[in-house]
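The structure appears right after this line, and notes come after that.
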Number of protein chains: 2
Amino acid sequence: MTSDIQIARAATKRPIAEIAEGLGLGVDQILPYGHDKAKITHDAIATLTDRPMGRLVLVTAISPTPAGEGKTTTTVGLGDALNRIGKRATICIREASLGPNFGMKGGAAGGGRAQIVPMEEMNLHFTGDFHAITSAHNLLAAMIDNHIYWGNALDIDTRRITWRRVMDMNDRALRDVALGLGGVANGFVRQSGFDITVASEVMAILCLASDLGDLQERLGRIVIGYSRDRQPVTARDLKADGAMTVLLKDALQPNLVQTLENNPALVHGGPFANIAHGCNSVTATRTALHLSDYVVTEAGFGADLGAEKFLDIKCRLAELSPSAVVLVATIRALKMNGGVAKADLGGEDVAAVTRGCANLGRHIENLRGFGLPVVVALNHFDGDSEAEVAALQTYCGHHGVKAVIARHWAQGGAGAEDLAREVVALSEGEVDFHTLYPDSMPLWQKIETICTRIYRASHAEAAAGIREQLETWEEAGYGHLPVCIAKTQYSFSTNPALHGAPEGHIVPVREVRLNAGAGFIVAICGQIMTMPGLPRQPAAESIGIDEDGWIEGLF
Amino acid sequence: MTSDIQIARAATKRPIAEIAEGLGLGVDQILPYGHDKAKITHDAIATLTDRPMGRLVLVTAISPTPAGEGKTTTTVGLGDALNRIGKRATICIREASLGPNFGMKGGAAGGGRAQIVPMEEMNLHFTGDFHAITSAHNLLAAMIDNHIYWGNALDIDTRRITWRRVMDMNDRALRDVALGLGGVANGFVRQSGFDITVASEVMAILCLASDLGDLQERLGRIVIGYSRDRQPVTARDLKADGAMTVLLKDALQPNLVQTLENNPALVHGGPFANIAHGCNSVTATRTALHLSDYVVTEAGFGADLGAEKFLDIKCRLAELSPSAVVLVATIRALKMNGGVAKADLGGEDVAAVTRGCANLGRHIENLRGFGLPVVVALNHFDGDSEAEVAALQTYCGHHGVKAVIARHWAQGGAGAEDLAREVVALSEGEVDFHTLYPDSMPLWQKIETICTRIYRASHAEAAAGIREQLETWEEAGYGHLPVCIAKTQYSFSTNPALHGAPEGHIVPVREVRLNAGAGFIVAICGQIMTMPGLPRQPAAESIGIDEDGWIEGLF
């Protein structure tokens with residue numbers, strides 16, 4: 001069998017200037033990075049704003065399992081298929097983080113015949129966006145300690161600094177550190193730590209900013225901690241917002257690459273899908289919409305987390321309105337949601353598929369609750385039996401949703417033409433999209449609404465201090481913000497072992513965080529790791545350059 | 001008066017592909033980064049190795065003073081002038097570090113009419129080389145702590161780990177930190193710290209590596225610390241060398257940009273000039289030599305530090321042989337070396353110029369000691385009086401060296417044509433270049449040789465432990481390495497206030513470090529800061545994007 005990386009290396013890439021030309025962009029409207037990557041310039045984007053926008057299609061999935069769902073693969077396959085049936089379609093996905101590749105092997109953007117290239121570079125430095133985010137984040141951190149060192153005119157309480165530092169590396173030794181040791185010249189000792197770059201609020205901000213002006217506004221609003229009299233201290237108070245914007249100036253421009261079938265893809269930004277909203281940048285999505293009939297994008301994790309945040313955070317803040325949702329499922333993942341262990345996925349098990357469909361059905365109901373038309377894409381595997389596929393289709397039929405078999409992994413865009421036609425049909429219908437809750441709803445009620453309406457919990461619970469914290473933020477003018485819930489992606493509940501469609505559980509909120517710059521409140525429900533570690537045998541040990549100059553061990 | 005940045009912004013840049021074409025490089029031999037920067041590919045470089053090499057001209061300077069000497073400006077002006085008189089000349093200089101720009105204002109590459117562009121980007125992320133170095137350095141750091149976490153099979157002594165972490169940021173709070181706090185899951189607590197990226201041994205390695213294979217060899221030789229039984233532990237022992245090479249693959253390729261007069265410049269690498277050798281990369285210099293009749297390059301600080309390291313470290317390891325040396329001086333800097341304070345530089349002071357020439361004369365003698373022909377370039381300032389200039393020329397005449405007045409700052413290459421003609425005349429003569437000491441000399445004797453022959457000290461001194469450390473390294477097979485002395489750049493002695501040409505002083509060696517990967521021993525003589533801090537009012541506070549989209553406050 002040909003591996004993803006073999007397929008990617010055999011790709012016949014077109015020069016990126018030609019891909020840009022296909023979008024109607026001239027050579028002076030892009031900044032090339034090598035011959036197969038480019039950024040679309042701020043100037044070019046500014047000329048597009050009056051153009052009509054194409055239709056936005058969200059690809060999301062059932063609750064993830066170790067069996068894999070192929071959400072990105074389906075996003076890419078659908079984009080290629082839409083182009084094949086004569087629509088001008090652009091794909092928008094997130095960038096990969098560099099650090100984790102040195103722990104576990106890196107991943108393709110897509111898989112099989114439905115991939116985005118250049119794969120190696122997208123897993124390494126790409127166009128440097130994440131490095132720029134690291135720099136901007138850490139400049140603010142350095143300015144905080146420097147401000148304190150030179151007299152602390154803002155009276156920052158060193159015990160209440162919430163702004164940590166970041167690095168795009170899996171480095172557990174940095175999770176919790178004491179800074180400023182070594183005496184007077186090095187400042188005041190305090191405890192802090194590092195997160196991985198994708199967990200930075202700067203990443204979320206870059207992904208939600210509409211332009212450079214809005215970027216600077218949002219950066220300025222970042223709350224880095226509190227003064228001795230408990231008032232929030234912002235990046236603007238430290239005069240860091242301008243320099244941070246300068247560091248992010250190039251990074252805000254979307255990255256243009258291509259699929260194996262030479263269709264355009266914007267790969268830009270990559271916020272966490274738990275403590276952040278998990279979607280590619282607003283600039284990429286809006287730019288693509290101005291340049292295309294259809295834009296196919298995806299959201300992180302399953303639809304309970306990813307789609308909810310895409311709709312309630314990204315679409316709300318960026319005033320986007322999707323035309324259709326593709327809900328990806330695989331027979332294998334349905335079986336795991338139906339209680340089958342990964343080791344036992346080999347044989348046919350129709351009953352397990354049917355049991356797993358409860359998870360699918362819950363997601364369908366939720367998505368329809370947003371007023372959106374839904375199609376189920378069955379990402380087809382060779383081992384899927386006809387009876388198992390029929391069980392899925394029967395279930396979907398009973399719920400008034402089409403389940404379309406998609407074979408893009410094996411066949412590329414040609415394998416997803418049926419899906420593409422269904423997406424076009426759905427998109428051309430009337431859509432009455434609305435978010436789950438209004439801006440004006442109190443923060444705790446927003447949390448409860450997501451927990452009861454999407455996760456189907458009986459209720460959410462939190463210590464009094466957390467509820468008081470939310471009220472304090474409401475009084476400080478942050479009550480209008482949407483809520484981003486960080487919880488396990490493996491279950492509707494907070495128990496990752498609870499597959500299927502649990503209900504009536506309780507969602508405990510352990511901690512709340514204010515992301516005033518990004519523009520959302522984070523409610524943490526469970527253990528969320530923001531700085532991964534390397535495994536016993538890190539992938540890095542096998543990574544190198546082979547005799548032919550190819551990178552080995554990265555995939 | 002027009003500022004450097006105004007001149008730079010008004011530059012008529014040619015597309016970088018045209019600059020490459022002028023060097024004989026096709027579009028497929030470069031990787032563009034935007035329209036005004038490119039990397040020359042490894043493949044292109046591999047095709048050049050059989051070509052003859054042009055002549056290498058080193059630009060160095062008298063001992064630096066706050067008055068400034070204009071070494072880079074002269075390098076650029078000379079490069080432009082050589083092109084004007086019909087020679088195919090390429091300039092090779094170092095890249096700027098990002099972090100310090102947020103403390104003090106950033107600098108141009110050159111100045112006046114003798115600059116390299118694009119100035120803004122060269123002061124920001126440029127082509128991402130330093131970010132790649134940061135990643136590679138910190139991957140190794142993460143792998144060290146991870147190795148210990150998972151059982152420490154190599155028996156690394158956590159008290160004897162010398163490999164710190166790096167960040168391209170002025171952040172004093174990171175100089176000295178305790179890592180691994182927070183309990184079992186975060187590893188073992190130990191004290192460590194961060195240096196600024198340019199101080200990383202990976203930077204020195206990137207700048208001395210001849211190709212990807214040599215890069216990996218050198219990375220593998222890095223000694224990260226010692227085991228409990230005092231044996232060196234290397235990056236290869238940790239299997240980190242392959243992955244580090246992958247992270248540095250693109251960064252090893254030299255960056256092509258252009259002067260204001262559209263002549264080619266390779267701007268690549270930027271190691272510290274105290275704890276490292278302070279020169280641009282070997283790949284850039286060798287590539288430029290294969291593509292040009294003349295390559296004009298510079299070394300850090302004054303000739304005692306910069307030129308000595310360029311010759312004894314870079315030329316030795318890369319088997320390069322310069323054809324001529326340009327020693328840059330200004331009337332103002334000579335006066336300061338003659339004892340005048342910066343505030344008093346306004347009026348004519350011929351006697352001070354003559355006194356300051358002692359410093360110049362010492363550098364001339366030293367450079368001739370390497371068997372190299374020398375010309376003095378007087379980087380002309382408007383305020384220089386005729387009598388002051390005459391005093392310099394008289395002094396040089398007595399020492400058998402030409403002093404050429406160069407007006408490139410005001411006039412561009414046209415102002416340095418006389419200098420260019422003199423450089424050509426010198427370069428065409430017989431040159432008998434030799435390093436200061438042979439590889440086989442014992443390490444301590446190498447230190448003493450530099451101190452007595454170049455710094456004119458009576459002797460060097462060190463505690464017994466340091467001498468023993470050097471002997472241990474000799475026994476371990478590192479005795480053949482050259483020595484890199486880290487001391488103040490403001491004096492031949494270790495006292496920065498001692499201007500002119502002091503002699504008979506003592507050089508105390510406080511510490512020695514093994515850079516087994518880069519391939520030199522560092523002898524630290526004085527306080528060397530490897531992680532700067534931000535000032536009370538950091539430049540970052542004034543940096544932003546103005547209404548026309550220009551970056552303000554960076555310069």
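Letters A, B, ... mirror the listed sequences (proteins, then strands); counts begin at 1. These numbers come from a predicted model, not from an experiment. Side-chain atoms are counted along with the backbone in the values below, which use heavy atoms only and exclude waters and symmetry mates.
- A distance of 11.5 Å separates CD of B:Gln537 from NE2 of A:His147, quoted to the nearest 0.5 Å.
- Looking at heavy atoms from C-beta onward, A:Leu247 lies in side-chain contact with B:Phe102 at the 4.5 angstrom threshold.
- When the shell of 6.0 Å around CD of B:Glu18 is examined, it contains more than 12 heavy atoms from other residues, nucleotides or ligands.
- Shown here for B:Ala540 and A:Ala243, the closest heavy-atom pair between the two residues is O-CB, 3.5 Å.
- Of the atoms belonging to B:Tyr149, it is side-chain heavy atoms, and not backbone ones, that fall under 4.5 Å from chain A.
- When each of B:Ala173, B:Gly183, B:Ala251, B:Gly213 is checked for heavy-atom pairs under 4.5 Å with chain A, B:Ala173 comes out on top.
- Across B:Ala185, B:Ala141, B:Gly151, B:Ser192, the residue that shares the most heavy-atom pairs under 4.5 angstrom with chain A is B:Ala185.
- Separating the CE atom in B:Met143 from the CG atom in A:Leu534 is a distance of 7.0 Å, to the nearest 0.5 Å.
- Highest contact tally toward chain A, considering only B:Leu124, B:Asn138, B:Asp250, B:Thr41, is held by B:Asn138 [criterion: heavy-atom pairs under 4.5 Å].
- For chain A, the nearby part of B:Gln191 is the side chain; its heavy atoms alone come within less than 4.5 Å.
- Near-neighbour residues of residues 542-555 of chain B relative to chain A, defined by a heavy atom under 4.5 Å from a heavy atom of that chain, comprise B:Ile543, B:Gly544, B:Ile545, B:Ile551.
- Only the backbone of B:Ile30 comes within contact range of chain A, with at least one heavy atom under 4.5 Å from a heavy atom of that chain.
- A:Leu174 is listed as a side-chain neighbour of B:Arg165, based on a closest heavy-atom distance under 4.5 Å.
- Atom CG of B:Leu139 sits about 9.5 Å away from atom CG of A:Asp171, to the nearest 0.5 Å.
- Once rounded to the nearest 0.5 Å, the distance linking CG of B:Leu98 with NE2 of A:His131 reads 12.0 Å.
- Atoms CZ and OG, from A:Phe130 and B:Ser135 in turn, are 12.0 Å apart once rounded to the nearest 0.5 Å.
- For chain A, no part of B:Ala539 is nearby; none of its heavy atoms comes within less than 4.5 Å.
- Between B:Met167 and A:Phe194, the shortest heavy-atom distance links the atoms CE-CE2, 3.8 Å.
- Contact annotation: the side chain of B:His35 approaches that of A:Pro32 to within less than 4.5 Å [non-hydrogen atoms, C-beta and beyond].
- Looking at B:Asn186 and A:Arg172, their side chains never bring a donor and an acceptor atom within 3.5 Å of each other.
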